[in-house]
Amino acid sequence: MVREPTAVRWLLRIVVCAYVFLLVLWPVSLVVAHTFENGLASLQETLADPEVQNALLLTAQVAGIAVVINLVFGVTTSILLVRYEFPGKRALSAMIDVPLSVSPVVVGLALVLVYNGQDGWLGRAAESAGYYVIYDTPGMIMATCFVALPLVIREVVPVLTEVGDDQEQAARSLGANGPQTFWRITLPSIKWAVVYGVVLSLARSLGEYGAVRVVSGNITGETQTATLVVQEKYLDFAQDTAYATSFLLATASVLCIVVVSLLRPKESST
Amino acid sequence: MSIDITGVNKLFGDFVALEDVNVSIPTGQLTALLGPSGGGKSTLLRIIAGLDTADTGTISIEGTDATKLPPQKRNVGFVFQHYAVFKHMTVAKNVAFGLEIRKKSKKEIAHRVDELLKLVHLSQFAHRLPSQLSGGQRQRMALARALAVEPTVLLLDEPFGALDAKVRKELREWLRRLHDEVNVTTVFVTHDQEEALEVADEIVVINDGRVEQIGSPDELYDEPANDFVMGFLGEVTSLNGNLIRPHDVDVTTAPTLAGAVQGEISRMLRIGFEVRVTVLTDDGQEVQVTMTRTHARALGLEEGQHVWLTAATGATTVPTMAAV
Amino acid sequence: MTSALATPVDRPARTRRPVVGTSTLTRGSGLALGIAMTWFSLLVLIPLAAIVATTAAGGWEQFWRIVTNDQTLAALRLTVGSALGVTALNVFMGTAIAWVLVRDRFWGKRILDVAIDIPFALPTIVAGLVLLALYGKGSPLGLEWANTEMSVRLALAFVTLPFIVRTVQPVLEELEHDVEEAAASLGAGRMTIFRRIILPSLVPAIAAGAALSFARAISEYGSLVLLSGNLPFKTEVVSVRVLSFIEGGNTAAAAALATVMLIVALVVIVAVDVISRRVARRG
Ligand SMILES: Nc1ncnc2c1ncn2[C@@H]1O[C@H](COP(=O)(O)OP(=O)(O)OP(=O)(O)O)[C@@H](O)[C@H]1O
Ligand SMILES: [Mg+2]
């Protein structure tokens, strides 16, 4: 086996480890250390703060609904893109990735322009029918959906393509109808990709800040999510609360990755 | 001698892949490394090429000690089972690679590439990418690439292993002719005894990390050193405690010869011109015998009949392990 | 000559697939497509169109005035400059990290692997806070980068860390060892093998990762809120500028600047699409 000289290997290894340590591991560990400076006190205090409680609850609610919507939309769209032909498919498949490249602030602005109650294209009609979108939970859900939209699709499409449609056709030939084929053949074969996509979406949804800030109006105790609380507390010099809330969010998201790396079937162990 | 391998041992962890291997490979010949899967053939070939290093022992190529040389400096051509094509380069670029490394002039490279592509009959595909070639064509390209640098030795690791049976048979004949044309010392790995017997000048039989026998195809077939070599080179059956080839068993319908083994035909199977007879001997052993259809008919053999078996005169026999 | 040597190449097998443009939708899938497209339009297409429409309604002159305003230009310069710089850094570091993850073995490699995903999973506002802990006031390293231009580069380097690593890594894993061995036995040294054999296979992945990294960098907002101080002419990036337009009630200006960002994003997406298509054709 051809290998680079030991000196080069060590150099690369050291540079890479130092870079990741300085950029990610050390700063993250500092936040953890800050949180537990006074033992569990600051964490308990933070969890007792009604503002934080409301925010965590709202975050869970918004992220949960957004993930479910993205899951259904993502799986449906993936199947349509891989298994069917229709005019405009190329364009749709390219457009799906757009949300990854749009600034969260722009996402918020775009939603406000359309759904605000005063002069929004659709917002006026919605509001006169009694639905409030902007400065309310639906708007925050939409913003969260927007930013996490492609994540499920990006995971599922390659797997669906790879698996091919032989098994589905076999199932059809054995008399299975559409839903039966989906539940018994298609879904099991893309299961891990869907799980992976969902976990990524969840991490992204829990952490969304910019877009939610624009559409929520950031009303304390009402439309304030956990990330907004972090910012407010930090600027209000309640740094302990900010760090503790950050720790909670970071733990949730890091748990997500750990779960993913445990779930993900190992293709090759090097 | 072109390649001298002396006292080579190789361990992977505590698994013995090669054990005290001593082989000399003659210049200008086509040598086959033959043996069952996992026997250590690839490992030996890779050690010759410098892609793996032996734990102990020496390798010398054309008289110079190559034991410590990196693969780049050994001037060997290596052809891999799965072609190892450079995907992003055209066929011509692939072949030119080694020459460019050696800083040959543009003109010289173009000329040599042309020549080689002609040799392997790929001239019209010079500007294609490897992904646009069939498996057999890719392998011929890999061969041209290895030959381009005029290697001292050409090493091929199951070069036709990934191809279907028909293409494989054709390419092996073609390899033989190619070798006669360019005359470079060639070592190729195979686990197909027919391939080795048909193509090679010399065969090295390797099993379980050990060299079992070295010799010409005829020597190996006619004078196998042990029961493993005998069994690996063709079908065998056991008669009277000896391994013997099924077509070397004489059948008579009356006890004319002393020492003949008596038995009863339990099964007869005809395949084309050949008849396979299974005889259950009186001491309870099954012996396989093959003969031509004509011969079987002349003897009037049929199932249930009593027969007497002897080894034909001049037959190759080797004592079985059990009898030793 | 034997027949096999003379036969023309077998073409790569084609998948049976109808001509693009025709439809194979059934009634059920047609309905599903309709619902999905409606949602996608309501969520993404119409709102993005509203931004462009608002900009267009303001007219070219207004657009030009907003975009060429000194403070805005400074923000654009800072954003695009930092994004380019950080992406260039990622091209080297990302490839190196992927390399180490695939080819090296050492204790703690698994931690390194997980660490790469942290910036993607971490809420951006928390990312800012995290970086502040090491590079803010009272930095244990003595690097008080908060509220300086360095803080922008730092935040962008943090949030874009995974992109190139995660696009290059699988390609590197797929590379076959025997190709490198073939090159070595033909006389190529380690550097030549890297430059002529490995790098060409990685370039498409590096390019795709770089495009993602650049797109993310120019649109970054959350991690900068606490870290950069948002000082006009100094550490204010385009997203922050858009937000201050929104909060100041100047929707027209916000939309104009957002349009510029959308155009840049669009260019990046088209580039990625072209690249991945080229890769697919080669594979
Ligand atoms: N890199 C390695 N690490 C550990 N064991 C190895 C390695 N390479 C080969 N081996 C072991 O060494 C033995 C010999 O392998 P080798 O590849 O030489 O066999 P072979 O004769 O070429 O077989 P085949 O015909 O299947 O290719 C095998 O049992 C294999 O498992
Ligand atoms: Mg082998």
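Note that the structure is predicted; figures quoted are calculated from it, not measured.
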Name the option with the most non-hydrogen atom pairs under 4.5 Å to chain A; the candidates are C:I116, C:T259, C:L243.
C:L243

By a 4.5 Å heavy-atom criterion (distance strictly below it), what part of A:L92 contacts chain C: side chain, backbone, both, or neither?
side chain

Approximate separation, where rounding is to 0.5 Å, of A:K233 NZ and C:L129 CG:
14.0 Å

Who among C:L131, C:D178, C:L226 has the most heavy-atom pairs with chain A under 4.5 Å?
C:L226

Please classify the contact of C:L89 with chain A as side chain, backbone, both or neither, using a heavy-atom distance under 4.5 Å.
side chain

Heavy-atom nearest pair, C:L42 first then A:Y115, reads O-OH, 2.8 Å

So which residue, A:V230, A:L109, A:V106, A:L249, ends up with the most heavy-atom pairs under 4.5 Å with chain C?
A:L109

Per-residue contact mode, A:L23 against chain C (heavy atom under 4.5 angstrom):
both

Out of the candidates C:V240, C:V242, C:V237, only one should pair with A:V105 under the side chain to side chain contact (heavy atoms under 4.5 Å, CB included) rule; please name it.
C:V242

Side chain to side chain, C:P140 and A:L30, heavy atoms closer than 4.5 Å:
yes

Let me confirm one number: the OG-CZ distance from A:S253 to C:F120, rounded to the nearest 0.5 Å.
11.0 Å

The interface call for A:F73 against chain C, heavy-atom contacts under 4.5 Å, is side chain

Could you name the residues of residues 46-53 of chain C that have a heavy atom within less than 4.5 Å of a heavy atom in chain A?
C:I46, C:P47, C:L48, C:A49, C:A50, C:I51, C:A53

Most heavy-atom pairs under 4.5 angstrom with chain A, which of C:A255, C:G222, C:A115, C:G128?
C:A115

Check each atom of C:T54 against the heavy atoms of chain A and say whether the ones under 4.5 Å are side chain, backbone, both or neither.
side chain

How many angstroms lie between atom CG of C:L134 and atom CG of A:L25, to the nearest 0.5 angstrom?
11.0 Å

Sort C:V100 into side chain, backbone, both or neither according to what part of it lies under 4.5 angstrom from a heavy atom of chain A.
side chain

A:V20 versus chain C, heavy atoms under 4.5 Å apart: side chain, backbone, both or neither?
side chain

Could you tell me which of C:G28, C:A215, C:S29, C:A258 has the largest number of non-hydrogen atom pairs under 4.5 Å with chain A?
C:S29

Please round to the nearest 0.5 Å and tell me the distance separating atom CE of A:M95 and atom CG of C:L45.
4.5 Å

Honestly, the part of A:L149 sitting under 4.5 Å from a heavy atom of chain C is side chain

Heavy-atom distance under 4.5 Å to chain A: side chain of C:I97, backbone, both or neither?
both

So what's closer than 4.5 Å to chain A heavy atoms on C:L33: side chain, backbone, both or neither?
both

Under 4.5 Å heavy-atom distance to chain A, tell me which part of C:M37 shows up: side chain, backbone, both or neither.
side chain

Heavy-atom contact with chain C under 4.5 Å, split by part of A:V15
both

Looking at C:I35, C:L262, C:I246, which makes the most heavy-atom pairs under 4.5 Å with chain A?
C:I246

Is it the side chain or the backbone of A:F146 that comes within 4.5 Å of chain C heavy atoms, both, or neither?
both

Chain A contact via C:L161 - which portion, at a heavy-atom distance below 4.5 Å:
side chain

Side chain / backbone / both / neither for C:I218 at chain A, heavy atoms under 4.5 Å
neither

What's the separation between atom CZ in A:R213 and atom OH in C:Y221, rounded to the nearest 0.5 Å?
3.5 Å

Segment of A:F247 engaging chain C (4.5 angstrom heavy-atom cut-off):
neither

Top contributor to chain A interface from C:P119, C:A32, C:A133, C:G30 [non-hydrogen pairs under 4.5 Å]
C:A133

With a 4.5 angstrom heavy-atom cut-off, is it the side chain or the backbone of A:I79 that approaches chain C, or both, or neither?
neither

Within this structure, what is the OG1-CD1 distance for the pair A:T227 and C:I125, rounded to the nearest 0.5 Å?
7.0 Å

Contacting moiety of C:Y135, where chain A heavy atoms sit under 4.5 Å:
side chain

Interface moiety of A:L151 toward chain C, non-hydrogen atoms closer than 4.5 Å:
side chain

